[in-house]
Novice: 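One structure, pasted below without further comment.
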Amino acid sequence: MSWKKIKPEFFDQPTLELARNLLGKILVKETEEGTAAGKIVETEAYKGPGDRAAHSFGNRRTARTEVMFGPSGFTYTYVMHTHCLVNVVSGGDLNPEAVLIRAVEPVEGLELMRRRRPKARKTVDLTNGPGKLTKALGIVKADYGRPLHEPPLYIAEGRAAEEIKTGPRIGIDNSGEAREYLWRFWEAGNPFVSRFRKGID
DNA sequence: AACGGGATTCTCT
DNA sequence: GAGAATCCCGTTA
């Protein structure tokens, strides 16, 4: 399978639009074990200084958030408990924003994913969560700072989602008013979306 | 140098 | 539904 790499200019759009437009794109990781790729079906936007749920809230600039202060289109990996999460840096130079990839649908390397995720009983469990998809695709903290328009870790062209749903972000209940923002986006009805709520999807 | 909490996942009840 | 696993990072001393 050959994927068409995205143009670097793709990342130069407002973070909320980028979060929507990343749905349907392909996230590809090449390793010595082989290539694994998934269609992005769920994202969350994290907006800079004014977003209490963002690591860059209040312009907090540390070794961890440093890449968010650089240009858009680079990888922000972050370790949560025992898992690695992956973000796309957005917002442009000196504007620390990012889009979290929360779920993908496998499109290449299914067997490789199964080997990497022995605990997944069903196929959907391979990639229906932010910590799961990084394990399945082989994305690790060392990918921090890599450009997302070229191998080994890149975004490729896909097909735009037919219908996009919106809701509050997950797991940020201690973030004050920010937990109300409808900055989570997903492809309607896709079984790989991490969580469903009655009345929303 | 010590402490506390988190953008999660898995297992068991 | 609750609790553990288990670790990096930011804050405080």
Novice: Quick one: which protein N/O atoms are closer than 3.5 Å to N/O atoms of nucleotides 8-11 of chain C? Pair and distance per line, please.
Specialist:
unit_1, atom_1, unit_2, atom_2, d
dC9(C), OP1, K141(A), NZ, 3.3
dG10(C), OP1, T62(A), OG1, 2.3
dG10(C), OP1, R64(A), NE, 3.4

Novice: Grab the CZ-P distance between F185(A) and dA7(B) for me, whole Å please.
Specialist: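 About 18 Å, once rounded to whole Å.
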
Novice: For E33(A), is there an ion pair with R115(A) - N to carboxylate O distance below 4.0 angstrom?
Specialist: no

Novice: I'd like the P distance from dG1(C) over to dA7(B), given in whole Å.
Specialist: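 Here dA7(B) and dG1(C) have their P atoms 23 Å from each other.
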
Novice: Between L148(A) and I6(A), does a side chain to side chain contact (heavy atoms under 4.5 Å, CB included) hold up when you go through it step by step?
Specialist: CA-CA 8 Å; L148(A) 280 161; I6(A) 203 99; over 6 Å; no

Novice: Using whole Å, what does the distance between atom P of nucleotide dT8(B) and atom CG of L133(A) come to?
Specialist: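 About 12 Å, once rounded to whole Å.
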
Novice: Tell me, please, which residues at least two apart from A103(A) pass side-chain contact (heavy atoms from CB on, under 4.5 Å).
Specialist: V41(A), E42(A)

Novice: Holding to side-chain contact (heavy atoms from CB on, under 4.5 Å), I want the full list of residues that pass it with E9(A), two or more places apart in sequence or in another chain.
Specialist: K7(A), D12(A)

Novice: I need the N21(A) CG to I40(A) CD1 distance, nearest 0.5 Å.
Specialist: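 One gets 11.0 Å once the value is rounded to the nearest 0.5 Å.
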
Novice: dG5(B) P sits how many Å from I172(A) CD1, rounded?
Specialist: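 For the pair I172(A) CD1 and dG5(B) P, the rounded distance is 18 Å.
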
Novice: When we call it a touch if two heavy atoms are under 4.0 Å apart, what does N87(A) touch: a base, just sugar-phosphate, or nothing?
Specialist: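 The answer is base, as N87(A) lies within the cut-off (heavy atoms under 4.0 Å) of a base atom.
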
Novice: With sequence neighbours excluded, what pairs up with P14(A) under the side-chain contact (heavy atoms from CB on, under 4.5 Å) test?
Specialist: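 By the side-chain contact (heavy atoms from CB on, under 4.5 Å) rule, P14(A) matches E17(A).
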
Novice: Expressed as a whole number of angstroms, how long is the span from M68(A):CE to dA7(B):C1'?
Specialist: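 To the nearest whole Å, that distance equals 11 Å.
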
Novice: Tell me the interatomic distance from R184(A), atom CZ, to dT8(B), atom P, rounded to whole angstroms.
Specialist: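 So the two atoms are 11 Å apart, to the nearest Å.
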
Novice: Nearest whole Å is fine: how far is dG6(B) P from L100(A) CG?
Specialist: 17 Å

Novice: Run the salt bridge (Lys or Arg N to Asp or Glu O under 4.0 Å) test against R60(A) and tell me which residues pass, sequence neighbours left out.
Specialist: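 For R60(A) there are no salt bridge (Lys or Arg N to Asp or Glu O under 4.0 Å) partners, ignoring immediate neighbours.
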
Novice: Mind checking salt bridge (Lys or Arg N to Asp or Glu O under 4.0 Å) for R146(A) and listing every partner two or more places apart, or none if nothing turns up?
Specialist: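 Result, salt bridge (Lys or Arg N to Asp or Glu O under 4.0 Å) vs R146(A): D143(A).
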
Novice: Taking the side chain as everything from C-beta on, heavy atoms only, tell me whether I139(A) gets closer than 4.5 Å to T75(A).
Specialist: no

Novice: Measure the spacing between CG of L16(A) and CD of E97(A) and express it to the nearest 0.5 Å.
Specialist: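 Here the interatomic distance stands at 8.0 Å.
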
Novice: Sequence neighbours excluded, which residues qualify as side-chain hydrogen bond (donor to acceptor under 3.5 Å, both in side chains) partners of S56(A)?
Specialist: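 Expected list: none.
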
Novice: Any residue in residues 107-127 of chain A with a heavy atom nearer than 4.0 angstrom to DNA chain C? Just list them by number, or reply none.
Specialist: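 Heavy-atom cutoff 4.0 Å gives no residues at all.
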
Novice: Give the dot-bracket line for DNA chain C from 5' end to 3' end: parentheses for intra-strand Watson-Crick or G-U pairs under 3.5 Å, square brackets for crossings, | for inter-strand pairing, dots for unpaired.
Specialist: |||||.||||||.

Novice: If only side-chain N and O atoms of N174(A) are considered, is one of them under 4.0 Å from the OP1 or OP2 phosphate oxygen of dG5(B)?
Specialist: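 No, no such contact exists.
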
Novice: With sequence neighbours left out, what residues match R52(A) under salt bridge (Lys or Arg N to Asp or Glu O under 4.0 Å)?
Specialist: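 Salt bridge (Lys or Arg N to Asp or Glu O under 4.0 Å) list for R52(A), sorted by chain: empty.
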
Novice: Nearest-Å distance, NZ (K132(A)) to C1' (dA5(C))?
Specialist: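 Distance check: K132(A) NZ to dA5(C) C1' gives 16 Å.
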
Novice: Can you tell if the side chain of F192(A) reaches within under 4.5 Å of the side chain of L126(A), non-hydrogen atoms only?
Specialist: no

Novice: Should R179(A) be listed as having a side-chain N or O under 4.0 Å from OP1 or OP2 of dA7(B)?
Specialist: no

Novice: Residues in salt bridge (Lys or Arg N to Asp or Glu O under 4.0 Å) with E177(A), at least two apart?
Specialist: none

Novice: In residues 36-48 of chain A, what residues come within less than 4.0 Å of DNA chain B, judged by heavy atoms?
Specialist: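 Hits under 4.0 Å, by residue number: Y46(A).
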
Novice: Rounded to whole angstroms, how far apart are CD1 on I139(A) and P on dA7(B)?
Specialist: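 From I139(A) CD1 to dA7(B) P: 19 Å.
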
